[in-house]
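To start, the structure under review is shown below, and the notes come after it.
In what follows, chains are A, B, ... by sequence order, proteins preceding strands, each numbered from 1. Atoms considered below: every heavy atom in the structure, side chains included; atoms not considered: hydrogens, waters and symmetry mates.
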2 protein chains.
Amino acid sequence: MPFEDKKKSRVTLLDVARRANVSRATASLVIRKSPLVGADTRARVEEAMRELGYVYNMGAARLRAERSHTVGVIVPNLTNPFFAELLSGIEAVIDSAGMVVILANSGDLVERQDMVMRRMREHGVDGVIVCPAAGTEPAFLHQLAEWDLPLVQVLRQISEEVDYAGADYAAGMRQAVDYLASLGHRTIAFAVQGPIHSAYRERVEGFCDAMQSRGLDPNLIVRVPTQIGEIADAAHLLFGQVEQPSAVICFNDVIALGLSAGLYDRGVQVGQNFSLIGFDDVTDAEAMRPRLTSVSTAPVTIGANAARLLLDRLADPTRPARRVVNETILHIRQSCGPMAISA
Amino acid sequence: MPFEDKKKSRVTLLDVARRANVSRATASLVIRKSPLVGADTRARVEEAMRELGYVYNMGAARLRAERSHTVGVIVPNLTNPFFAELLSGIEAVIDSAGMVVILANSGDLVERQDMVMRRMREHGVDGVIVCPAAGTEPAFLHQLAEWDLPLVQVLRQISEEVDYAGADYAAGMRQAVDYLASLGHRTIAFAVQGPIHSAYRERVEGFCDAMQSRGLDPNLIVRVPTQIGEIADAAHLLFGQVEQPSAVICFNDVIALGLSAGLYDRGVQVGQNFSLIGFDDVTDAEAMRPRLTSVSTAPVTIGANAARLLLDRLADPTRPARRVVNETILHIRQSCGPMAISA
DNA sequence: AAAAGCTTTTAGATCGATCTAAATGGAAAG
DNA sequence: CTTTCCATTTAGATCGATCTAAAAGCTTTT
């Protein structure tokens, strides 16, 4: 065998084929688990691969086959534990499909999102899962369609005609309002934060609808700072109002954590004379005191759903768009109490 | 121009070259910003690229050039916000170097780590940043070296002869012990958790050394559950001891959060008659009540350091291994008080 | 005017797989 | 014994870039 390992060069499929006394084409069929190849030949090739320490070269394969086994994931903010959980769900499903995740952070900026999108195309991803940056235009999605790059929207939606995985935020808000109302609360505030996007609007609308359908005033919406350390200090905003709320629903658990601390600072007993509900039900909710009652949106599940949507679409690019909207669950703990006590 | 856009096929460099009346080779030089090409020619080619909507094909380039502009990142657990912040630091630096991150989760399992590593090789990553799974053997690193795949260890180290980015955990422990000692505490517990790895050992050893050098007993080490919800219930472990501790240092902030809740449940006033110090200084530390005094390890910075180490190594594979060990900072807030009050 | 020395451009081979279309070999059918 | 059919196997073109070594244009020197 003159051509064994000349120098330091990579072991190629041709090397394997030679060693197994078959053609390059046959060796290729073995790798791809084609049923065409005979059992003994297959064994011989696999043996050769093992002996030579062969490593498949995706790059070369992709060039010819037009599939990269690669999925782009674009999130607006990695630092937020919520997105980390989402990512974890995506990664698990993509990985078990034998593909890999190429990760990018848009910083919730459309320009960066465009840049990152371009880079994904350059790397030839088979599809992308995107949580669209606030302010993303529908044109963005049309562009992608024109490039025929399969896309799944996650958590936020720009268009109804494109696959989407998220949670039923409006229903979650209704659950929160219903629960507080059942405890006798009539004046309920809503603490919001951050950039405006579909998930933001769904929550606000969900809150307003739920309040109005019970004949309650839905206008007690207060914006709190983005910086986590400053949220506590914003608790006073709850008390400058014309009508004094006895409860507050938070846009997410980060706000809930901050306001809980701020209320504590003011000597308000959360769960006793003031009620507080979070949104997302992150793991910390269980570790807080009082334990946080929160609407669970199960980010890991949403991520897994998004990944499955993309895999399905890759399998059949012509299938109609689907929307997988996860049910939310109100996780009741200790941060709410009956209105009677608040009086 | 007969060959414009035949069907739906991708615009190739050859198309661009034809449109600009140059050769494929010249067009290639333009893309790679070679100084060899004349200014007018460059302009013409760039114009053609724009007109045709050309997208660079990394896959093809990589095949020939043996560089994929791709970096593998392997973390043991995406769900942990600490790793999410780390990832964020890595991504930012890798991105600004014009490369992309391929992400994988080892689940802190060596077998999965091997699998994932193989996949990274198949995708032809230029290098990897790994937080090694607990129980990773030095052989793993030698293997990588043999494959000459550049690697940077992050947060945990298996070998001293390979690039490493982390924090000075031992010094951080000393800061915590020193601070508590300065407040008069003599009996200090250490609450630990999770799999055993270098970062674990460094913290434990740092704690023991710091205690011993002050003549204090370093044997009050208690293991708490991994599940965040169960940590609070484990607070009783602090009180079953022969000698009653007046303070506890936590392996990380998750434990601190849990124990803080557990102590609250038992009516212990953290910061008044019991002191508690966290480790990592995650953003939540500021939002807790009492605000958590914690040793900051700055995961985003560590991630950025790791990414820079890898970029440097890619630039010069022969350079000697470096270790970038970040200083920790004790962030004093409210969760500790003087021993006098505890009495 | 020829030679030498630049700068700029290019043809053609190459990377390592996949794909197409055809060849091969053996068993079954005529 | 030839023909047909099926299961395997294969040669050679191909994907879209980069690389090498040489050619083509210029200017400057002799």
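D:dG16 atom C1' lies 13 Å from atom CE of B:Met58, rounded to whole Å. Rounded to whole angstrom, the span from the CG atom of B:Leu36 across to the P atom of D:dC19 amounts to 13 Å. Atom-to-atom, CD of A:Glu122 to C1' of D:dA17 comes out at 13 Å; the value is rounded to the nearest Å. The distance from atom CG of B:Asp40 to atom P of D:dG25 is 15 Å, rounded to the nearest whole Å. Atoms CG (A:Asn21) and C1' (D:dT8) sit 16 Å apart, rounded to a whole Å. Rounded to a whole Å, the CD atom of A:Glu66 is 10 Å from the P atom of C:dC19. Per the geometry, CZ belonging to A:Arg62 stands 13 Å off P belonging to D:dG16, to the nearest Å. One interatomic measurement links the two molecules: CZ of A:Arg18 to P of C:dA17, which rounds to 12 Å at whole-angstrom precision.
For A:Leu63, the side-chain atoms get nearest to D:dC15 when compared with the rest of D:dC15, C:dA17, C:dC15. Checking C:dA13, D:dC15, C:dT18 against the side-chain heavy atoms of A:Leu13 singles out C:dT18 as nearest. In the set D:dA17, C:dC19, D:dC19, D:dA17 carries the atom at the smallest distance from any side-chain atom of B:Asn57. Proximity note for B:Ala65 (side chain, C-beta onward) versus D:dT9, D:dG16, D:dT18: the nearest is D:dT18.
For the atom pair B:Asp312 CG and B:Arg319 CZ, the distance stands at 4.5 Å (nearest 0.5 Å). How far CG of B:Leu141 is from CD1 of B:Ile158: 6.5 Å, rounded to the nearest 0.5 Å.
Considering every non-hydrogen atom in both A:Leu155 and A:Phe82, the closest pair reads CD1-CE2, 3.6 Å.
Of the residues near DNA chain C, A:Arg64 and B:Val22, the one whose nearest nucleotide (by heavy atom distance) lies more toward the 5' end is B:Val22.
The closest donor-acceptor contact from the side chain of B:Ser23 to the backbone of B:Thr26 lies under 3.5 Å. Counting only distance, with no hydrogens or angles, the side chain of B:Gln157 and the backbone of B:Ser198 share no donor-acceptor pair below 3.5 Å.
Residues from residues 23-33 of chain A that place a heavy atom under 4.0 Å from any atom of DNA chain D, listed by number: A:Ser23, A:Arg24, A:Ala25, A:Thr26, A:Leu29.
Within a 6.0 Å radius of CD in A:Glu51, more than 12 heavy atoms belonging to other residues, nucleotides or ligands are found.
With respect to the salt-bridge test (charged N to carboxylate O, under 4.0 angstrom), the residues B:Arg50 and B:Glu47 qualify.
Within the 4.0 Å cut-off from OP1 or OP2 of C:dT8, not a single side-chain nitrogen or oxygen of B:Thr41 is found.
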